[in-house]
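Okay, structure first, notes after.
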There are 2 protein chains.
Amino acid sequence: MPAPTAKPNARSKLLDAALSMIRAKGYSATTVDELCAAAGVTKGAFFHHFRNKDELGVAAAEHWSEVTGALFAAAPYHDHADPLDRVLGYLAFRKALLQGGVPDFTCLVGTMVQETYETAPAIRDACDRSISTHARTLEADIEAAMRDRAMSPDWTPESLALHIQAVLQGAFILAKAKGGPQVAADSMDHLTRYLTLLFCAGGDTPNPKGD
Amino acid sequence: MPAPTAKPNARSKLLDAALSMIRAKGYSATTVDELCAAAGVTKGAFFHHFRNKDELGVAAAEHWSEVTGALFAAAPYHDHADPLDRVLGYLAFRKALLQGGVPDFTCLVGTMVQETYETAPAIRDACDRSISTHARTLEADIEAAMRDRAMSPDWTPESLALHIQAVLQGAFILAKAKGGPQVAADSMDHLTRYLTLLFCAGGDTPNPKGD
DNA sequence: GATTACATACCAACCAGTCGGTATCTTTAA
DNA sequence: TTAAAGATACCGACTGGTTGGTATGTAATC
């Protein structure tokens with residue numbers, strides 16, 4: 001990638017179109033022809049930049065990581081002094097992103113991995129990288145919040161960061177099923193409540209199942 | 001439906017095959033031909049029982065509701081005397097179901113609604129019904145647990161039941177991305193911890209955001 | 001002048017869905 | 001008791017449009 005900034009060339013037009021089209025219709029139902037039409041390029045351009053459809057899927061996941069990575073890196077929740085406030089601010093930011101139609105606020109890689117995890121390992125790995133890398137941006141703050149409170153729980157910062165991602169992904173599924181963001185916002189409130197309780201009311205309680 | 005028990009006729013063979021095939025490959029990538037081959041029936045039989053592919057999708061969601069509904073109705077977690085123990089027992093039961101390959105323990109309707117929520121409203125509604133009806137089986141126990149503790153929180157039993165479903169659905173997405181159930185089990189542990197904290201350590205704390 | 005970045009035309013395989021036909025089960029009435 | 005009559009369940013060849021992918025050509029750029 002010599003040019004990090006995206007000129008309106010065929011490749012980036014295809015990737016941008018892929019983000020919205022795959023989020024709306026899923027990966028399998030997104031056809032190369034439709035994608036080219038939406039991006040305003042020809043099929044020749046598509047197969048010039050991508051060897052096949054799966055390679056576009058991988059590139060779309062990576063493009064998604066870059067776009068969302070920049071969005072979250074520039075978000076204001078990092079400014080809080082207390083690390084727990086930064087984590088809670090992250091969740092508030094996620095909740096504030098629930099705007100527009102369902103395809104506008106849902107997650108590309110969460111959608112795509114559901115269809116491809118068995119049939120396209122390259123896409124699954126790209127989606128895993130996207131989710132896991134994003135989750136890792138929360139780990140330092142979680143760990144700092146634990147240290148501030150001298151907590152030594154039986155869960156790891158990584159597992160909590162991944163749990164947060166799981167709640168968000170699940171909230172999107174419910175929003176899709178119910179046709180609106182309200183149920184997702186409610187779920188994010190429950191998650192916020194969990195973090196508040198966990199760090200302020202009893203984070204050292206042993207694992208209720210003991211395993 | 002005069003005969004509630006499933007004879008090995010073409011329709012139920014197709015529905016059973018659909019459950020596993022759609023969970024593994026997704027709805028769009030599941031072709032009618034492949035489905036018929038897996039079920040051991042012909043295409044003529046398919047279009048005798050279903051007007052089109054979408055109608056199979058709806059029927060598959062309903063079949064899924066019946067199969068899983070019977071599974072959960074017969075599960076032992078209902079035997080606990082305390083309603084909170086029944087809810088926690090439900091979660092332990094869900095965790096115990098994380099056996100076999102990823103397609104074996106993931107949720108059909110969560111998978112299907114992601115691909116169809118924009119393009120096939122009938123399927124989306126069927127998936128919503130499946131999830132919401134299942135969530136509703138938890139509401140009475142949640143409400144009873146609240147009453148036992150004289151709680152008057154700013155969340156409803158319905159929202160908590162749906163949040164539980166969101167965590168489960170999200171856990172399945174993470175399991176698909178990571179290729180195994182461990183991350184899903186970890187997320188279910190966090191959810192169990194949330195319920196424990198919520199009902200035993202501070203369920204009356206006000207909404208941290210205040211909205 | 002050669003590599004890159006597209007455009008156009010084309011293809012074989014595949015897709016959901018159709019259709020004429022057969023086997024079997026149910027109803028009815030002589 | 002049985003047989004005509006109709007409905008249901010299923011079969012499998014066929015179709016027309018779509019699919020991902022290719023082959024080849026051309027204009028711009030390095």
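Side chains are part of it too, since the values below use all heavy atoms of this structure and drop only hydrogens, waters and symmetry mates. Just so it is clear: chains get the letters A, B, ... in the order the sequence lines come, proteins before strands, and each one is counted from 1.
In this structure, B:Asn9 atom CG and D:dC11 atom C1' are separated by 16 Å, rounded to whole Å. Straight-line distance from the CZ atom of A:Phe50 to the C1' atom of C:dC6: 14 Å, rounded to whole Å. Taking atom NE2 on B:His48 and atom C1' on C:dC19, their separation rounds to 15 Å, with Å as the unit.
Evaluation of the side-chain contact (heavy atoms from CB on, under 4.5 Å) rule for A:Ser132 yields A:Asp128, A:Arg136, B:Lys178 as partners, not counting sequence neighbours. Take A:Glu115 and apply the side chain to side chain donor-acceptor pair (under 3.5 Å) test, not counting sequence neighbours, and it matches A:Ser28. Residues passing the salt bridge (Lys or Arg N to Asp or Glu O under 4.0 Å) test with B:Glu139: none are found, sequence neighbours excluded. The side-chain contact (heavy atoms from CB on, under 4.5 Å) test applied to A:Arg51 returns A:Glu55, not counting sequence neighbours.
OP1 or OP2 of C:dC6 lies within a sub-4.0 Å distance of a side-chain N or O belonging to A:His49.
Listed by first and then second residue, the ring-ring contact (aromatic ring centres under 6.0 Å, His included) pairs that reach into residues 19-43 of chain B come to none, sequence neighbours excluded.
Between B:His134 and B:Tyr90, the ring-plane angle classifies as tilted under the 30° and 60° cut-offs.
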Treat primed atoms plus P, OP1 and OP2 as sugar-phosphate and everything else as base, then score nucleotides 20-30 of chain D 5' to 3': B for base contact with protein heavy atoms under 4.0 Å, S for sugar-phosphate contact only, - for none. BBB--------

